[in-house]
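Note sheet for the following structure.
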Amino acid sequence: MIGFRSIRSRILAFAVLATVVPSLGLGLLTYWRYQALVGAKVAVELRTLNNYARSELGLWIAKHVDDLRALSNANTIQAALSRTPAAGQSPARIGAREIEVFLRSVQANLDSIVELSVLDASARLVASSVASPAPAVLPAAWSDREAIGSPVQLMPQWDSARASATLTVIVPIGSGTDAFLGALVGIIDLGALRGRLDAIATSSAAEVVLIAPSGAPLLGSHGTTPELKRLDPESLQDLQSRPGETVSYRGHRGREVVGLTARPGPSPLWVVAERDSSDVFRERRQLLELFARLTAALTVLVGVLAYWIGRSIVSPLDELVRAVDRIADGDLAVRLSPAGTAEVGRLTRAVNTMVGRLNRSHEEVESAKRALEQQNRMLEALSVTDGLTGLYNRKKLDAILVEQFGLYLRHRRPFALLMLDIDHFKALNDNHGHLGGDQMLVKVAGVLRRCIRSVDQVARYGGEEFAIVLVEATLEGALDTAQRIRTSIASSELVFNDRPVSATVSVGVTRCRDTDTGPEDVIARADAALYEAKRAGRNRVHCADETASPAGAMPPADRPA
């Protein structure tokens with residue numbers, strides 16, 4: 001007896017087990033192939049049934065339309081409509097009695113036509129075979145020449161009085177000289193088709209249903225029409241958009257079905273052939289149940305074998321793989337127990353030795369890494385931050401302006417730029433020293449942060465000059481922000497050496513333009529507006545854009561904050 005103590009013999013056992021997998025794959029392939037064949041067979045059956053029903057319905061409707069067309073050429077109708085009315089007599093009533101008698105006698109011989117009516121050229125009722133005829137309207141596009149020989153089928157509908165679906169056909173009546181005399185209106189009882197539908201569906205388990213374009217059921221081959229349910233709009237659209245193709249949906253009797261549809265020629269009717277999904281796939285379900293039982297039995301067998309193999313080979317290897325993954329993730333506290341197999345045991349001891357060596361250098365690497373990360377963060381902050389005010393520096397401001405100008409060019413997202421300068425800053429330094437000047441810069445920086453939105457950016461441009469980028473700001477909004485900053489700084493006081501110190505700022509405002517070639521144009525325009533504000537007396541806002549309100553350049557007393 002061959003032992004299963006070595007890896008080679010156990011791999012052999014696993015290879016024997018692996019022969020089962022192709023068998024399962026072949027079984028699945030056979031099952032899905034059988035399913036495709038069943039689906040194709042059902043599609044052919046439904047398509048054949050639908051084509052047969054569509055052909056029969058088309059011929060049946062065409063026959064009745066031809067009967068109505070022949071009836072419209074009857075001498076009795078044409079002679080009565082062609083008479084010239086006497087003085088004071090309505091043309092609609094000329095020969096009405098003769099036409100009425102004629103229509104009733106004809107209808108008595110036509111079982112499928114339940115109502116006949118004649119209208120004159122003005123669409124007024126002349127005569128009818130019933131006491132209360134249904135109202136009819138002639139097509140608006142008809143004219144003396146175009147109407148001749150062009151019958152029109154109206155949308156089918158359910159007639160609750162007759163408890164049946166009906167189809168109205170309007171046939172134009174013309175004289176021998178092709179003059180338009182009126183129209184013959186015939187109402188066809190679609191319920192007369194039930195016998196034909198039953199005969200068509202006898203050889204199949206599928207049901208044939210006639211529906212209106214709106215989806216309303218008109219007639220079915222099984223049971224009565226009131227039992228039929230209207231299809232949901234999504235299923236109806238799917239059927240009508242894919243004529244001749246099988247579709248799965250909830251059918252007219254509330255069950256899951258497979259069906260297809262098509263129209264019988266120019267008729268407004270749709271023919272739907274559908275079959276219960278449970279009948280279609282009964283054999284497939286039985287095959288699936290058998291396959292499921294076989295698969296379950298094989299799964300149990302494979303599970304038992306896999307458990308045994310896992311205990312002897314796979315489990316130690318899985319433990320080793322998990323340990324290596326933990327080491328790769330930085331967990332160096334891994335310690336493996338020696339495995340029984342010689343090959344796996346040597347590999348386990350090698351991993352333990354490697355972990356011991358890595359542990360000795362791990363702390364130094366982590367310490368160096370933390371120090372380097374801290375230095376990188378400090379360098380990154382220092383590279384874009386002004387050391388005194390904590391605002392962005394000139395380098396970061398240039399990057400912000402390049403980004404905003406690019407967004408303006410690509411997506412038409414405008415931005416405004418405010419350049420402001422502390423008035424008489426040199427005198428403040430002379431009177432209070434550079435420490436006082438530095439504290440004033442810090443104070444102004446704090447006011448600027450409070451006066452802008454979270455999406456806006458503020459930077460120290462240089463010395464006592466600051467720049468603010470207002471993202472997607474209107475010119476009026478930029479001017480309001482500038483005035484708010486100016487008044488906030490003017491109303492703020494700094495206590496230095498027990499002495500109150502105050503300052504004012506001059507602000508230049510501009511907005512990006514289509515004529516700008518780069519951020520430098522915006523900076524130059526804002527800087528020029530700033531110096532205009534200084535020349536105008538300081539402590540004020542000046543706008544460089546021509547479309548700005550004149551109040552933007554007024555002194556503070558003339559413009560409210």
Side-chain angles (χ1 to χ4, degrees), residues 386 388-392 394 397 415-471 473-511 523 525-545 548-561:
D386 177 62
L388 176 63
T389 62
L391 303 177
Y392 287 135
R394 174 67 181 274
L397 173 65
F415 66 95
L417 179 62
L418 276 59
M419 298 286 291
L420 60 97
D421 186 89
I422 301 176
D423 297 329
H424 303 295
F425 188 73
K426 183 178 182 304
L428 189 147
N429 271 337
D430 293 341
N431 293 332
H432 302 281
H434 288 288
L435 290 178
D438 289 346
Q439 291 191 20
M440 180 56 70
L441 291 173
V442 174
K443 182 73 173 181
V444 170
V447 173
L448 296 181
R449 288 193 189 95
R450 293 193 299 271
C451 291
I452 63 173
R453 302 169 299 175
S454 60
V455 296
D456 300 329
Q457 306 287 349
V458 58
R460 185 180 179 188
Y461 191 72
E464 69 274 16
E465 194 169 356
F466 299 86
I468 301 174
V469 179
L470 302 179
V471 179
T474 63
L475 192 56
E476 290 75 9
L479 289 172
D480 288 341
T481 302
Q483 286 288 1
R484 185 166 62 252
I485 291 172
R486 183 193 61 78
T487 56
S488 297
I489 293 175
S491 61
S492 299
E493 284 190 352
L494 171 67
V495 178
F496 182 74
N497 292 335
D498 298 328
R499 295 173 56 189
V501 181
S502 60
T504 61
V505 294
S506 299
V507 187
V509 180
T510 189
R511 198 164 178 252
I523 295 174
R525 195 163 54 252
D527 198 49
L530 169 61
Y531 283 100
E532 285 294 330
K534 283 185 171 294
R535 281 194 292 268
R538 293 183 172 83
N539 190 21
R540 65 188 61 223
V541 176
H542 187 85
C543 182
D545 295 319
S549 171
M554 287 184 178
D558 298 328
R559 175 177 170 82

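This chain uses plain numbering: 1 for the first residue, then up along the sequence.
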*Can you measure from CD1 (I468) to CD1 (I485) and round to the nearest 0.5 angstrom?*
3.5 Å
*Over all heavy atoms of both residues, which pair between H542 and A533 is shortest? Give the atoms and the distance, please.*
CB-CB, 3.8 Å
*How many angstroms lie between CG in L448 and OG1 in T389, if you round to the nearest 0.5 Å?*
9.0 Å
_To the closest 0.5 Å, what do you measure between CD1 (I523) and CG (L417)?_
6.5 Å
*Evaluate the side chain to side chain contact (heavy atoms under 4.5 Å, CB included) criterion for residues V444 and E464: first the C-alpha distance (whole Å), next the side-chain angles of each, then the deciding distance (0.1 Å), finally the verdict.*
CA-CA 10 Å; V444 170; E464 69 274 16; over 6 Å; no
Please list, one pair per line, the donor and acceptor atoms closer than 3.5 Å that link side chains of residues 499-508 to other protein atoms, with sequence neighbours excluded.
| unit_1 | atom_1 | unit_2 | atom_2 | d |
| --- | --- | --- | --- | --- |
| T504 | OG1 | D423 | OD2 | 2.8 |
| S506 | OG | D423 | OD1 | 2.7 |
| S506 | OG | D423 | OD2 | 3.4 |
| S506 | OG | N539 | N | 3.2 |

*Atom CD in E465, atom CG in L441: separation rounded to 0.5 Å?*
12.0 Å
_D480 side, atom CG; T474 side, atom OG1 - distance, nearest 0.5 Å_ = 7.5 Å
*Minimum heavy-atom separation for S492 to K443, with atom names?*
CB-CE, 4.1 Å
Can you give me every donor-acceptor pair (side chain of residues 425-438, partner residue at least two apart or in another chain, under 3.5 Å) with its distance?
| unit_1 | atom_1 | unit_2 | atom_2 | d |
| --- | --- | --- | --- | --- |
| K426 | NZ | D430 | OD2 | 3.3 |
| N431 | ND2 | A427 | O | 3.2 |

_Using a 3.5 Å distance criterion without hydrogens, assess whether the side chain of R525 forms a donor-acceptor pair with backbone atoms of R511._
yes
_Give me the atom names and distance for the closest heavy-atom approach of R460 to F466._
CA-CD2, 3.9 Å
*Audit row: L391, R449, side chain to side chain contact (heavy atoms under 4.5 Å, CB included) steps and yes/no*: CA-CA 9 Å; L391 303 177; R449 288 193 189 95; 3.5 Å; yes
*May I ask you to decide if G462's main-chain N or O and R394's side chain share a donor-acceptor pair within less than 3.5 Å?*
no
*asked:* For the CG atom of D527 and the OH atom of Y461, what is their distance to the nearest 0.5 Å?
replied: 6.0 Å
*Can you name the closest pair of heavy atoms from V469 and L397 and give their distance?*
CG2-CD1, 4.0 Å
*Taking all non-hydrogen atoms of both residues, which atom of A526 and which atom of T510 are closest, and how far apart?*
CB-CG2, 3.6 Å
*Partners meeting side chain to side chain donor-acceptor pair (under 3.5 Å) with S488 (sequence neighbours left out)*: none
*Where do I422 and K534 come nearest, in terms of heavy atoms and distance?*
O-NZ, 4.0 Å
